[in-house]
Student: 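If you scroll down you'll find the structure; I have some questions about it.
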Amino acid sequence: MPLQGSRLLIDRYCLDQRLGASGARQTWLAKGPEGQAVTVKALYFGQGMEWQDLKLFEREVATLRHLDHPQIPHYLDSFGLEEPEGNYFCLVQAYIPGRSLAELIQAGRRFSAPELEALAVSLLAVLIYLHGQSPPVIHRDIKPSNLIQGADGLIYLIDFGSVQAQSGSGRTVTVVGTYGYMSPEQFGGRAIPASDLYSLGMTLINLMTGQNPADLPQKNLRALFQINGSTHLHQWLARLIEPDLERRFSSAPLALKFLQQPELSNTLTPPLAPSQRIQFKTSAQGLDIQIPQQGQRFWDVVSMGAGGLIMIPSAIGALVTPFLLLGGVWLWPFSIISSAWNLGQAMAGWWLVRRGYVRMWGQSSFVMSGDSFEVQWNHQTYRGRIRDIVGVELDRFSIKNGQAWDLCIFVRMKNGNTKKFPFGTALNDQERVWLLKTIRTWLTDYANS
(Lines give C-alpha, C1' and ligand atoms only; values in the text may rest on other atoms or scores of the structure.)
Protein backbone atom coordinates (compact mmCIF):
# COMPACT_ATOMS: atom_id res chain seq x y z
CA MET A 1 0.00 0.00 0.00
CA PRO A 2 1.62 3.29 -1.04
CA LEU A 3 2.30 6.20 1.22
CA GLN A 4 0.34 9.37 0.61
CA GLY A 5 1.58 12.87 -0.12
CA SER A 6 1.73 15.55 2.57
CA ARG A 7 2.30 12.87 5.19
CA LEU A 8 4.77 13.72 7.93
CA LEU A 9 7.14 10.87 8.77
CA ILE A 10 8.50 10.63 12.34
CA ASP A 11 7.72 14.35 12.72
CA ARG A 12 10.67 15.20 10.50
CA TYR A 13 10.10 14.48 6.81
CA CYS A 14 7.09 15.78 4.93
CA LEU A 15 6.35 13.81 1.75
CA ASP A 16 5.84 16.04 -1.27
CA GLN A 17 5.99 14.17 -4.59
CA ARG A 18 6.34 10.50 -5.44
CA LEU A 19 9.26 10.03 -7.82
CA GLY A 20 8.81 6.35 -8.53
CA ALA A 21 7.59 2.97 -7.33
CA SER A 22 8.63 -0.62 -8.03
CA GLY A 23 7.12 -3.58 -6.22
CA ALA A 24 7.35 -2.92 -2.50
CA ARG A 25 9.63 0.11 -2.99
CA GLN A 26 8.65 3.75 -3.24
CA THR A 27 10.78 6.85 -3.74
CA TRP A 28 9.58 10.28 -2.61
CA LEU A 29 10.74 13.85 -2.82
CA ALA A 30 10.28 15.30 0.67
CA LYS A 31 11.22 18.24 2.86
CA GLY A 32 13.54 17.82 5.82
CA PRO A 33 13.23 19.44 9.25
CA GLU A 34 14.96 22.59 8.00
CA GLY A 35 13.03 22.73 4.75
CA GLN A 36 15.80 21.17 2.64
CA ALA A 37 14.88 18.82 -0.20
CA VAL A 38 15.57 15.14 0.53
CA THR A 39 14.84 11.80 -1.08
CA VAL A 40 12.98 9.20 0.96
CA LYS A 41 13.09 5.57 -0.16
CA ALA A 42 10.56 3.37 1.60
CA LEU A 43 10.31 -0.44 1.59
CA TYR A 44 6.83 -1.75 2.49
CA PHE A 45 6.60 -4.86 4.65
CA GLY A 46 3.57 -6.42 3.07
CA GLN A 47 2.20 -7.90 -0.13
CA GLY A 48 4.72 -7.76 -2.94
CA MET A 49 7.78 -7.68 -0.69
CA GLU A 50 10.32 -10.50 -0.80
CA TRP A 51 12.97 -11.15 1.84
CA GLN A 52 15.62 -10.55 -0.80
CA ASP A 53 14.24 -6.98 -1.09
CA LEU A 54 14.79 -6.45 2.63
CA LYS A 55 18.30 -7.89 2.46
CA LEU A 56 19.27 -5.56 -0.39
CA PHE A 57 17.64 -2.56 1.30
CA GLU A 58 19.52 -3.15 4.54
CA ARG A 59 22.76 -3.57 2.60
CA GLU A 60 22.13 -0.30 0.75
CA VAL A 61 21.61 1.55 4.04
CA ALA A 62 24.68 -0.01 5.66
CA THR A 63 26.84 0.82 2.62
CA LEU A 64 25.69 4.42 2.13
CA ARG A 65 26.19 5.18 5.81
CA HIS A 66 29.97 4.82 5.30
CA LEU A 67 30.35 6.49 1.90
CA ASP A 68 31.42 10.08 1.39
CA HIS A 69 31.94 11.18 -2.21
CA PRO A 70 30.80 14.38 -3.93
CA GLN A 71 29.11 12.40 -6.74
CA ILE A 72 27.14 10.09 -4.44
CA PRO A 73 24.04 11.55 -2.69
CA HIS A 74 24.81 11.86 1.04
CA TYR A 75 23.21 9.50 3.50
CA LEU A 76 21.13 11.45 6.04
CA ASP A 77 18.93 9.06 8.00
CA SER A 78 17.23 5.66 8.18
CA PHE A 79 14.37 4.49 10.34
CA GLY A 80 11.49 2.08 10.73
CA LEU A 81 7.93 3.29 10.35
CA GLU A 82 4.80 1.70 11.82
CA GLU A 83 1.62 2.70 10.04
CA PRO A 84 -1.96 1.35 10.20
CA GLU A 85 -1.58 -0.27 6.78
CA GLY A 86 1.72 -1.91 7.69
CA ASN A 87 5.38 -1.27 8.42
CA TYR A 88 8.03 0.51 6.36
CA PHE A 89 11.79 0.69 6.40
CA CYS A 90 12.98 4.11 5.17
CA LEU A 91 16.22 5.59 3.86
CA VAL A 92 16.79 9.34 3.57
CA GLN A 93 19.40 10.89 1.27
CA ALA A 94 20.21 14.37 0.00
CA TYR A 95 18.08 15.22 -3.04
CA ILE A 96 19.93 15.88 -6.32
CA PRO A 97 17.96 18.21 -8.61
CA GLY A 98 18.48 17.34 -12.25
CA ARG A 99 17.59 14.83 -14.95
CA SER A 100 18.73 11.26 -15.41
CA LEU A 101 20.85 10.46 -18.43
CA ALA A 102 18.11 8.03 -19.51
CA GLU A 103 15.69 10.97 -19.72
CA LEU A 104 18.18 12.91 -21.79
CA ILE A 105 18.57 9.99 -24.21
CA GLN A 106 14.81 9.60 -24.53
CA ALA A 107 14.60 13.31 -25.34
CA GLY A 108 17.02 12.80 -28.24
CA ARG A 109 20.26 13.85 -26.56
CA ARG A 110 23.44 12.19 -27.90
CA PHE A 111 26.90 12.57 -26.40
CA SER A 112 29.89 13.36 -28.61
CA ALA A 113 33.24 11.56 -28.23
CA PRO A 114 34.84 14.38 -26.16
CA GLU A 115 31.75 14.58 -23.92
CA LEU A 116 31.79 10.82 -23.50
CA GLU A 117 35.47 10.81 -22.52
CA ALA A 118 34.88 13.55 -19.94
CA LEU A 119 31.92 11.62 -18.55
CA ALA A 120 33.97 8.41 -18.41
CA VAL A 121 36.74 10.16 -16.46
CA SER A 122 34.17 11.51 -13.99
CA LEU A 123 32.49 8.14 -13.42
CA LEU A 124 35.76 6.23 -13.22
CA ALA A 125 36.72 8.53 -10.34
CA VAL A 126 33.56 7.36 -8.52
CA LEU A 127 34.36 3.70 -9.23
CA ILE A 128 37.96 4.14 -8.07
CA TYR A 129 36.53 5.42 -4.78
CA LEU A 130 33.96 2.62 -4.43
CA HIS A 131 36.28 -0.21 -5.44
CA GLY A 132 38.96 1.21 -3.16
CA GLN A 133 36.83 0.59 -0.07
CA SER A 134 37.58 -2.39 2.16
CA PRO A 135 35.95 -4.60 1.07
CA PRO A 136 35.34 -3.15 -2.42
CA VAL A 137 31.84 -1.73 -2.97
CA ILE A 138 30.35 -2.94 -6.27
CA HIS A 139 27.33 -1.00 -7.52
CA ARG A 140 26.06 -3.77 -9.86
CA ASP A 141 23.48 -1.58 -11.62
CA ILE A 142 25.27 1.21 -13.49
CA LYS A 143 22.99 2.44 -16.28
CA PRO A 144 21.73 5.79 -17.64
CA SER A 145 18.66 5.87 -15.36
CA ASN A 146 20.94 5.66 -12.30
CA LEU A 147 23.08 8.60 -13.40
CA ILE A 148 21.81 12.11 -12.67
CA GLN A 149 23.12 15.22 -14.37
CA GLY A 150 22.88 17.67 -11.50
CA ALA A 151 22.15 21.38 -11.71
CA ASP A 152 25.79 21.90 -10.67
CA GLY A 153 27.04 20.05 -13.77
CA LEU A 154 28.26 16.96 -11.90
CA ILE A 155 27.15 13.45 -12.78
CA TYR A 156 25.79 11.63 -9.72
CA LEU A 157 25.61 7.86 -9.25
CA ILE A 158 22.38 6.94 -7.46
CA ASP A 159 20.34 3.89 -6.43
CA PHE A 160 22.60 1.59 -4.46
CA GLY A 161 19.78 -0.93 -4.11
CA SER A 162 21.83 -3.60 -5.88
CA VAL A 163 25.09 -2.84 -4.13
CA GLN A 164 27.44 -5.60 -3.01
CA ALA A 165 30.36 -5.32 -0.62
CA GLN A 166 32.63 -7.89 -2.22
CA SER A 167 34.21 -10.48 -0.02
CA GLY A 168 35.39 -14.01 -0.76
CA SER A 169 34.45 -15.21 -4.23
CA GLY A 170 31.81 -12.53 -4.76
CA ARG A 171 29.35 -15.22 -5.93
CA THR A 172 25.68 -14.85 -5.02
CA VAL A 173 22.61 -16.99 -5.59
CA THR A 174 20.41 -14.08 -6.74
CA VAL A 175 21.23 -12.35 -10.00
CA VAL A 176 20.99 -8.57 -9.54
CA GLY A 177 21.32 -5.94 -12.26
CA THR A 178 19.77 -4.87 -15.56
CA TYR A 179 19.88 -7.08 -18.63
CA GLY A 180 22.07 -5.59 -21.36
CA TYR A 181 24.23 -3.74 -18.84
CA MET A 182 25.26 -6.83 -16.87
CA SER A 183 28.54 -8.59 -17.62
CA PRO A 184 28.48 -12.35 -18.28
CA GLU A 185 30.00 -13.17 -14.88
CA GLN A 186 27.44 -10.97 -13.09
CA PHE A 187 24.64 -12.64 -15.04
CA GLY A 188 26.02 -15.91 -13.67
CA GLY A 189 25.82 -14.63 -10.08
CA ARG A 190 29.38 -13.36 -9.62
CA ALA A 191 30.15 -9.64 -9.39
CA ILE A 192 33.64 -8.14 -9.16
CA PRO A 193 34.99 -4.58 -9.74
CA ALA A 194 35.48 -5.35 -13.45
CA SER A 195 31.71 -6.03 -13.64
CA ASP A 196 31.02 -2.35 -12.94
CA LEU A 197 33.46 -1.44 -15.72
CA TYR A 198 31.45 -3.57 -18.17
CA SER A 199 28.24 -1.79 -17.13
CA LEU A 200 29.95 1.58 -17.50
CA GLY A 201 31.06 0.66 -21.01
CA MET A 202 27.55 -0.36 -22.06
CA THR A 203 26.19 2.84 -20.52
CA LEU A 204 28.62 4.99 -22.49
CA ILE A 205 27.72 3.20 -25.73
CA ASN A 206 24.04 3.84 -25.03
CA LEU A 207 24.73 7.53 -24.43
CA MET A 208 26.53 7.91 -27.74
CA THR A 209 24.39 5.71 -29.99
CA GLY A 210 20.99 5.83 -28.31
CA GLN A 211 20.77 2.04 -28.67
CA ASN A 212 19.82 -0.14 -25.75
CA PRO A 213 22.75 -2.55 -25.13
CA ALA A 214 20.32 -5.47 -25.17
CA ASP A 215 19.50 -4.63 -28.81
CA LEU A 216 23.10 -4.44 -30.03
CA PRO A 217 24.19 -7.18 -32.49
CA GLN A 218 26.69 -9.68 -31.11
CA LYS A 219 29.46 -11.91 -32.35
CA ASN A 220 31.05 -14.48 -30.03
CA LEU A 221 29.21 -12.80 -27.12
CA ARG A 222 30.85 -9.46 -27.97
CA ALA A 223 28.54 -6.49 -28.52
CA LEU A 224 29.13 -4.83 -31.89
CA PHE A 225 28.84 -1.05 -31.99
CA GLN A 226 29.92 1.92 -34.07
CA ILE A 227 30.93 5.36 -32.82
CA ASN A 228 32.22 8.33 -34.75
CA GLY A 229 35.15 10.61 -34.14
CA SER A 230 37.63 8.58 -32.08
CA THR A 231 39.37 5.32 -32.91
CA HIS A 232 41.04 5.38 -29.50
CA LEU A 233 37.67 5.67 -27.72
CA HIS A 234 36.27 2.80 -29.78
CA GLN A 235 39.20 0.55 -28.88
CA TRP A 236 38.98 1.56 -25.23
CA LEU A 237 35.23 0.84 -25.06
CA ALA A 238 35.76 -2.51 -26.78
CA ARG A 239 38.21 -3.45 -24.03
CA LEU A 240 35.78 -2.18 -21.36
CA ILE A 241 32.92 -4.45 -22.53
CA GLU A 242 35.00 -7.56 -23.19
CA PRO A 243 32.91 -10.57 -22.08
CA ASP A 244 36.15 -12.41 -21.31
CA LEU A 245 37.49 -11.24 -17.94
CA GLU A 246 41.04 -12.08 -19.04
CA ARG A 247 40.81 -9.44 -21.78
CA ARG A 248 38.81 -6.75 -19.96
CA PHE A 249 40.37 -4.00 -17.86
CA SER A 250 40.84 -5.45 -14.39
CA SER A 251 40.45 -2.19 -12.44
CA ALA A 252 39.11 1.36 -12.71
CA PRO A 253 42.59 2.94 -12.30
CA LEU A 254 43.90 0.85 -15.19
CA ALA A 255 40.92 1.77 -17.38
CA LEU A 256 41.47 5.47 -16.57
CA LYS A 257 45.18 5.16 -17.40
CA PHE A 258 44.46 3.77 -20.86
CA LEU A 259 41.72 6.33 -21.52
CA GLN A 260 43.97 9.27 -20.72
CA GLN A 261 46.99 7.94 -22.63
CA PRO A 262 45.99 7.31 -26.28
CA GLU A 263 49.56 6.21 -27.08
CA LEU A 264 48.80 2.97 -25.22
CA SER A 265 45.89 2.15 -27.53
CA ASN A 266 48.03 0.00 -29.84
CA THR A 267 48.46 -2.47 -26.99
CA LEU A 268 44.72 -2.92 -26.42
CA THR A 269 42.89 -6.17 -27.03
CA PRO A 270 45.29 -8.62 -28.66
CA PRO A 271 43.70 -10.97 -31.19
CA LEU A 272 42.40 -14.37 -30.18
CA ALA A 273 44.85 -17.24 -30.06
CA PRO A 274 45.38 -18.55 -33.62
CA SER A 275 45.97 -22.08 -32.37
CA GLN A 276 44.15 -24.23 -29.82
CA ARG A 277 47.40 -25.94 -28.85
CA ILE A 278 48.56 -22.72 -27.15
CA GLN A 279 47.24 -23.02 -23.61
CA PHE A 280 46.79 -19.44 -22.44
CA LYS A 281 45.57 -18.24 -19.04
CA THR A 282 45.83 -14.74 -17.62
CA SER A 283 44.44 -12.70 -14.74
CA ALA A 284 45.26 -9.56 -12.78
CA GLN A 285 47.74 -11.64 -10.77
CA GLY A 286 49.46 -13.74 -13.37
CA LEU A 287 50.03 -15.07 -16.87
CA ASP A 288 50.49 -18.70 -17.88
CA ILE A 289 51.33 -19.75 -21.45
CA GLN A 290 51.99 -23.41 -22.18
CA ILE A 291 52.94 -24.77 -25.61
CA PRO A 292 52.75 -28.58 -25.59
CA GLN A 293 54.96 -30.76 -27.76
CA GLN A 294 53.94 -30.66 -31.39
CA GLY A 295 54.13 -34.38 -32.13
CA GLN A 296 55.44 -36.25 -35.13
CA ARG A 297 55.52 -34.46 -38.48
CA PHE A 298 56.84 -35.85 -41.78
CA TRP A 299 59.47 -33.23 -42.55
CA ASP A 300 60.72 -33.22 -38.97
CA VAL A 301 61.20 -36.99 -39.16
CA VAL A 302 63.06 -36.48 -42.45
CA SER A 303 65.18 -33.78 -40.81
CA MET A 304 66.16 -36.08 -37.95
CA GLY A 305 66.88 -39.00 -40.30
CA ALA A 306 68.98 -36.94 -42.70
CA GLY A 307 70.80 -35.33 -39.81
CA GLY A 308 71.61 -38.72 -38.33
CA LEU A 309 72.92 -40.02 -41.66
CA ILE A 310 75.19 -36.98 -41.97
CA MET A 311 76.21 -36.68 -38.33
CA ILE A 312 77.25 -40.25 -37.49
CA PRO A 313 79.78 -40.95 -40.30
CA SER A 314 81.05 -37.34 -40.14
CA ALA A 315 81.57 -37.62 -36.41
CA ILE A 316 83.45 -40.88 -36.91
CA GLY A 317 85.51 -39.28 -39.64
CA ALA A 318 86.27 -36.26 -37.43
CA LEU A 319 87.55 -38.67 -34.75
CA VAL A 320 89.59 -40.84 -37.11
CA THR A 321 91.31 -38.30 -39.37
CA PRO A 322 93.53 -36.83 -36.60
CA PHE A 323 95.34 -40.18 -36.55
CA LEU A 324 96.63 -39.39 -40.07
CA LEU A 325 99.00 -36.97 -38.37
CA LEU A 326 100.99 -40.00 -37.35
CA GLY A 327 101.65 -40.91 -41.02
CA GLY A 328 104.03 -38.07 -41.62
CA VAL A 329 104.25 -34.34 -42.00
CA TRP A 330 103.10 -34.50 -45.62
CA LEU A 331 99.66 -35.81 -44.40
CA TRP A 332 99.10 -33.00 -41.89
CA PRO A 333 97.35 -30.53 -44.26
CA PHE A 334 95.02 -33.25 -45.48
CA SER A 335 94.32 -34.38 -41.92
CA ILE A 336 93.49 -30.86 -40.72
CA ILE A 337 91.26 -30.05 -43.69
CA SER A 338 89.53 -33.44 -43.46
CA SER A 339 88.97 -33.08 -39.71
CA ALA A 340 87.50 -29.59 -40.13
CA TRP A 341 85.23 -30.78 -42.95
CA ASN A 342 83.97 -33.78 -40.98
CA LEU A 343 83.46 -31.67 -37.88
CA GLY A 344 81.40 -29.17 -39.89
CA GLN A 345 79.34 -32.00 -41.38
CA ALA A 346 78.78 -33.50 -37.94
CA MET A 347 77.62 -30.13 -36.56
CA ALA A 348 75.23 -29.65 -39.49
CA GLY A 349 73.83 -33.14 -38.91
CA TRP A 350 73.44 -32.41 -35.21
CA TRP A 351 71.58 -29.19 -36.08
CA LEU A 352 69.13 -31.15 -38.26
CA VAL A 353 68.59 -33.80 -35.58
CA ARG A 354 68.10 -31.20 -32.87
CA ARG A 355 65.76 -29.18 -35.08
CA GLY A 356 63.51 -32.16 -35.70
CA TYR A 357 63.58 -33.21 -32.06
CA VAL A 358 62.83 -29.73 -30.73
CA ARG A 359 59.96 -29.19 -33.14
CA MET A 360 58.35 -32.53 -32.26
CA TRP A 361 59.03 -32.88 -28.53
CA GLY A 362 60.34 -29.55 -27.23
CA GLN A 363 57.79 -28.04 -24.84
CA SER A 364 57.88 -24.32 -24.02
CA SER A 365 56.23 -22.32 -21.26
CA PHE A 366 56.20 -18.75 -20.03
CA VAL A 367 54.69 -18.10 -16.58
CA MET A 368 54.40 -14.86 -14.61
CA SER A 369 53.07 -14.80 -11.07
CA GLY A 370 53.24 -11.87 -8.69
CA ASP A 371 56.58 -10.17 -9.32
CA SER A 372 58.45 -13.15 -10.79
CA PHE A 373 58.49 -15.09 -14.06
CA GLU A 374 59.69 -18.43 -15.37
CA VAL A 375 60.56 -19.29 -18.96
CA GLN A 376 61.15 -22.87 -20.09
CA TRP A 377 62.57 -23.85 -23.48
CA ASN A 378 64.13 -27.04 -24.82
CA HIS A 379 64.15 -28.62 -21.34
CA GLN A 380 65.92 -25.60 -19.84
CA THR A 381 64.43 -23.23 -17.24
CA TYR A 382 65.20 -19.69 -16.11
CA ARG A 383 63.51 -17.80 -13.27
CA GLY A 384 63.72 -14.06 -12.71
CA ARG A 385 61.90 -10.87 -11.74
CA ILE A 386 59.31 -9.28 -14.04
CA ARG A 387 60.84 -5.83 -13.57
CA ASP A 388 64.07 -7.14 -15.11
CA ILE A 389 62.33 -7.96 -18.41
CA VAL A 390 63.51 -5.26 -20.81
CA GLY A 391 61.67 -6.45 -23.90
CA VAL A 392 59.96 -9.18 -25.89
CA GLU A 393 61.10 -9.42 -29.50
CA LEU A 394 61.31 -11.70 -32.53
CA ASP A 395 64.96 -12.68 -32.97
CA ARG A 396 66.07 -13.85 -36.41
CA PHE A 397 68.39 -16.75 -37.29
CA SER A 398 68.70 -18.44 -33.93
CA ILE A 399 70.42 -21.42 -35.52
CA LYS A 400 71.26 -23.24 -32.30
CA ASN A 401 67.54 -23.70 -31.58
CA GLY A 402 66.75 -25.07 -34.98
CA GLN A 403 64.49 -22.31 -36.36
CA ALA A 404 64.86 -19.15 -38.40
CA TRP A 405 62.77 -17.07 -35.99
CA ASP A 406 62.50 -17.20 -32.21
CA LEU A 407 60.28 -15.28 -29.86
CA CYS A 408 62.74 -14.12 -27.20
CA ILE A 409 62.39 -12.66 -23.73
CA PHE A 410 65.19 -10.16 -23.08
CA VAL A 411 66.17 -9.95 -19.41
CA ARG A 412 68.60 -7.67 -17.58
CA MET A 413 70.96 -9.88 -15.59
CA LYS A 414 72.60 -9.08 -12.23
CA ASN A 415 75.84 -8.08 -13.93
CA GLY A 416 73.98 -5.45 -15.96
CA ASN A 417 74.14 -7.36 -19.25
CA THR A 418 71.05 -8.33 -21.23
CA LYS A 419 70.43 -11.98 -22.04
CA LYS A 420 67.82 -13.42 -24.35
CA PHE A 421 65.78 -16.55 -23.69
CA PRO A 422 64.10 -18.18 -26.71
CA PHE A 423 60.46 -19.05 -26.21
CA GLY A 424 57.79 -20.55 -28.43
CA THR A 425 59.64 -23.47 -29.98
CA ALA A 426 58.02 -24.91 -33.11
CA LEU A 427 55.47 -22.10 -33.49
CA ASN A 428 54.52 -20.75 -36.88
CA ASP A 429 54.83 -17.05 -37.74
CA GLN A 430 51.19 -16.24 -36.96
CA GLU A 431 51.43 -17.86 -33.54
CA ARG A 432 54.69 -16.07 -32.70
CA VAL A 433 53.25 -12.67 -33.61
CA TRP A 434 50.14 -13.34 -31.53
CA LEU A 435 52.21 -14.35 -28.50
CA LEU A 436 54.42 -11.29 -28.98
CA LYS A 437 51.40 -8.93 -28.84
CA THR A 438 49.77 -10.81 -25.99
CA ILE A 439 52.82 -10.79 -23.70
CA ARG A 440 53.50 -7.13 -24.48
CA THR A 441 49.89 -6.25 -23.64
CA TRP A 442 50.06 -8.09 -20.33
CA LEU A 443 53.37 -6.47 -19.40
CA THR A 444 51.91 -3.03 -20.17
CA ASP A 445 48.85 -3.78 -17.99
CA TYR A 446 51.17 -5.02 -15.23
CA ALA A 447 53.31 -1.88 -15.37
CA ASN A 448 50.27 0.41 -15.21
CA SER A 449 48.24 -1.48 -12.60
Student: Output yes when a side-chain donor or acceptor of Q36 lies under 3.5 Å from a complementary backbone atom of E34, and no otherwise.
Tutor: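 Checked: pair present.
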Student: Between N87 and L81, is any pair of side-chain heavy atoms under 4.5 Å apart?
Tutor: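 No. Closest side-chain heavy atoms not under 4.5 Å.
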Student: Could you check if a side-chain atom of W28 sits within less than 4.5 angstrom of a side-chain atom of Q17, using non-hydrogen atoms only?
Tutor: no
Student: Looking at every non-hydrogen atom in both residues, tell me the closest pair between A30 and V40 and how far apart they are.
Tutor: CB-CG2, 3.9 Å
Student: Determine whether the aromatic ring centres of residues Y88 and F45 are separated by less than 6.0 angstrom.
Tutor: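 Distance test on ring centres: not under 6.0 Å, no.
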Student: Can you check side chain to side chain contact (heavy atoms under 4.5 Å, CB included) on L216 and Q218, steps first, answer last?
Tutor: CA-CA 6 Å; L216 291 173; Q218 291 188 354; 5.7 Å; no
Student: At their closest point, which heavy atom of L127 faces which heavy atom of A252, and how far apart are they?
Tutor: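 Scanning both residues, the minimum pair turns out to be CB-CB, 4.1 Å.
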Student: Taking C-beta and beyond as the side chain, do D159 and K41 meet within less than 4.5 Å on heavy atoms?
Tutor: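 Sidechains of K41 and D159: in contact.
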Student: List in chain and number order the residues that pass ring pair (Phe, Tyr, Trp, His ring centres under 6.0 Å) with H131, two or more places apart in sequence or in another chain; answer none if no residue qualifies.
Tutor: none
Student: Whether the side chain of Q261 engages the backbone of F258 through a donor-acceptor N/O pair (distance < 3.5 Å, no angle test) should be reported.
Tutor: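 The answer is no, because no donor-acceptor pair under 3.5 Å joins these two groups.
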Student: Is there a side-chain contact between I138 and V163, using heavy atoms and a 4.5 Å cut-off?
Tutor: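 Heavy-atom side-chain distance check fails, nothing below 4.5 Å.
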Student: With a 4.5 Å heavy-atom cut-off, do R7 and L15 have their side chains touching?
Tutor: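 SC-SC contact between R7 and L15 confirmed.
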Student: Strictly distance-based, threshold 3.5 Å: is any side-chain N or O of T178 a donor or acceptor partner for the main-chain N or O of Y181?
Tutor: no
Student: Which atoms form the tightest heavy-atom contact between R412 and V390, and what is the distance?
Tutor: NH2-CG1, 3.3 Å
Student: Does any N or O in the side chain of T63 come within less than 3.5 Å of the main-chain N or O of E60, such that one atom is a donor and the other an acceptor?
Tutor: no
Student: From the options I105, L116, T209, select the one residue that forms a side chain to side chain contact (heavy atoms under 4.5 Å, CB included) with R110.
Tutor: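 Going through the options one by one, the only one that passes is I105.
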Student: Could you check if a side-chain atom of V367 sits within less than 4.5 angstrom of a side-chain atom of I289, using non-hydrogen atoms only?
Tutor: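 With C-beta onward as the side chain, the pair stays apart.
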Student: Return the CZ to CG distance between R99 and L147, rounded to the nearest 0.5 Å.
Tutor: 14.5 Å
Student: For the backbone of S162 and the side chain of D141, can you confirm whether one donor and one acceptor N or O come within less than 3.5 Å of each other?
Tutor: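 No, the answer is negative, given that no donor and acceptor are paired below the 3.5 Å cut-off.
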Student: In Å and rounded to the nearest 0.5 Å, what is the CG to CG distance from L123 to L200?
Tutor: 5.5 Å
Student: If I take atom CD1 from residue I128 and atom CD from residue Q133, how far apart are they, to the nearest 0.5 angstrom?
Tutor: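 Rounded to the nearest 0.5 Å, the CD1-CD separation comes out at 12.5 Å.
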Student: On a heavy-atom basis, which atom in P243 and which in P184 lie closest, and how many Å separate them?
Tutor: CB-CG, 3.7 Å
Student: Give a yes or no on whether a salt bridge exists between R383 and E374, defined as a side-chain N under 4.0 angstrom from a carboxylate O.
Tutor: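 A salt bridge is present here (some side-chain N lies under 4.0 Å from a carboxylate O).
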Student: For E242, is there any backbone N or O sitting under 3.5 Å from a side-chain donor or acceptor partner on R248?
Tutor: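 Checking the backbone N and O of E242 against the side chain of R248, a donor-acceptor pair under 3.5 Å is found.
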Student: Can a donor-acceptor pair be found between the side chains of R140 and S199 at a distance below 3.5 Å?
Tutor: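 R140 vs S199: no donor-acceptor pair found between side chains.
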Student: Can you tell whether the side chains of D244 and R222 come within less than 4.0 Å, N to carboxylate O?
Tutor: no
Student: So D77 and R12, do their side chains get closer than 4.5 Å, heavy atoms only?
Tutor: yes
Student: Where the side chain of W236 meets the backbone of E117, is there a donor-acceptor pair that is under 3.5 Å apart?
Tutor: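 Looks like no, no N/O pair under 3.5 Å.
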Student: Can you measure from CG (D196) to CD (Q164) and round to the nearest 0.5 angstrom?
Tutor: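 Going from the CG atom of D196 to the CD atom of Q164 covers 9.5 Å.
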Student: Would you name the heavy atoms of H232 and L259 that are closest together and state the gap between them?
Tutor: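 For H232 and L259, the tightest heavy-atom pair comes out as NE2-O, 3.1 Å.
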Student: Begin with the C-alpha distance, continue with both residues' side-chain angles, and end with the deciding distance and a verdict on side chain to side chain contact (heavy atoms under 4.5 Å, CB included) for R190 and L245.
Tutor: CA-CA 12 Å; R190 177 188 177 218; L245 272 172; 3.5 Å; yes
Student: Measure up the Y13 and F79 rings against each other and bin them: parallel (under 30°), tilted (30 to 60°), perpendicular (over 60°).
Tutor: parallel
Student: For D152, what residues pass the side-chain contact (heavy atoms from CB on, under 4.5 Å) criterion, not counting sequence neighbours?
Tutor: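 So D152 forms a side-chain contact (heavy atoms from CB on, under 4.5 Å) with L154, Y156.
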Student: Would the distance check show the side chain of R239 and the main-chain N or O of R247 forming a donor-acceptor pair, the cut-off being under 3.5 Å?
Tutor: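 Checked: pair present.
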Student: First locate atom CE of M202, then atom CD1 of I205, and finally report the distance between them rounded to the nearest 0.5 Å.
Tutor: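 Rounded to the nearest 0.5 Å, the CE-CD1 separation comes to 5.5 Å.
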Student: Determine, step by step, whether F373 and I389 satisfy the side chain to side chain contact (heavy atoms under 4.5 Å, CB included) criterion, reporting the C-alpha distance in whole Å, the side-chain angles of both residues, the deciding distance to 0.1 Å, and the verdict.
Tutor: CA-CA 9 Å; F373 77 93; I389 296 177; 3.8 Å; yes
Student: Ignoring hydrogens and angles, tell me if any N or O in the side chain of Q71 forms a donor-acceptor pair with the backbone of I155 under 3.5 Å.
Tutor: yes
Student: Taking the ring centre of each residue, are Y75 and H66 less than 6.0 Å apart?
Tutor: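 No, the ring centres sit 6.0 Å or more apart.
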Student: Sequence neighbours left out, what passes ring pair (Phe, Tyr, Trp, His ring centres under 6.0 Å) with Y129? Give chain and number order.
Tutor: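 Applying ring pair (Phe, Tyr, Trp, His ring centres under 6.0 Å) to Y129 gives H69.
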Student: Given L197 and L124, is the side chain to side chain contact (heavy atoms under 4.5 Å, CB included) satisfied, shown in steps?
Tutor: CA-CA 8 Å; L197 296 180; L124 283 171; 3.8 Å; yes
Student: Using only atom types and a distance under 3.5 Å, with no angle test, would you say the side chain of S22 pairs donor to acceptor with the backbone of R25?
Tutor: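 Between the backbone of R25 and the side chain of S22 there is no qualifying donor-acceptor contact (under 3.5 Å).
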Student: Decide yes or no for L119 and L101: does some side-chain heavy atom of the first lie under 4.5 Å from some side-chain heavy atom of the second?
Tutor: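 The answer is yes, as the side chains (C-beta and beyond) meet within the 4.5 Å cut-off.
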Student: Centre of F111's six-membered ring, under 6.0 Å away, within 45 degrees of the axis: is that where NZ or CZ of R109 sits?
Tutor: yes
Student: To check you understand the geometry: which heavy-atom pair defines the closest contact between S100 and P144, and what is its length?
Tutor: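 Smallest interatomic distance, heavy atoms only, reads CB-O, 4.0 Å.
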Student: Say you draw a straight line from OH of Y179 to CG of N212; how long is it, rounded to the nearest 0.5 Å?
Tutor: 10.0 Å
Student: Please assess R65 against S78 for the test side-chain hydrogen bond (donor to acceptor under 3.5 Å, both in side chains), listing each intermediate value before the final yes or no.
Tutor: CA-CA 9 Å; R65 186 179 283 122; S78 60; 3.2 Å; yes
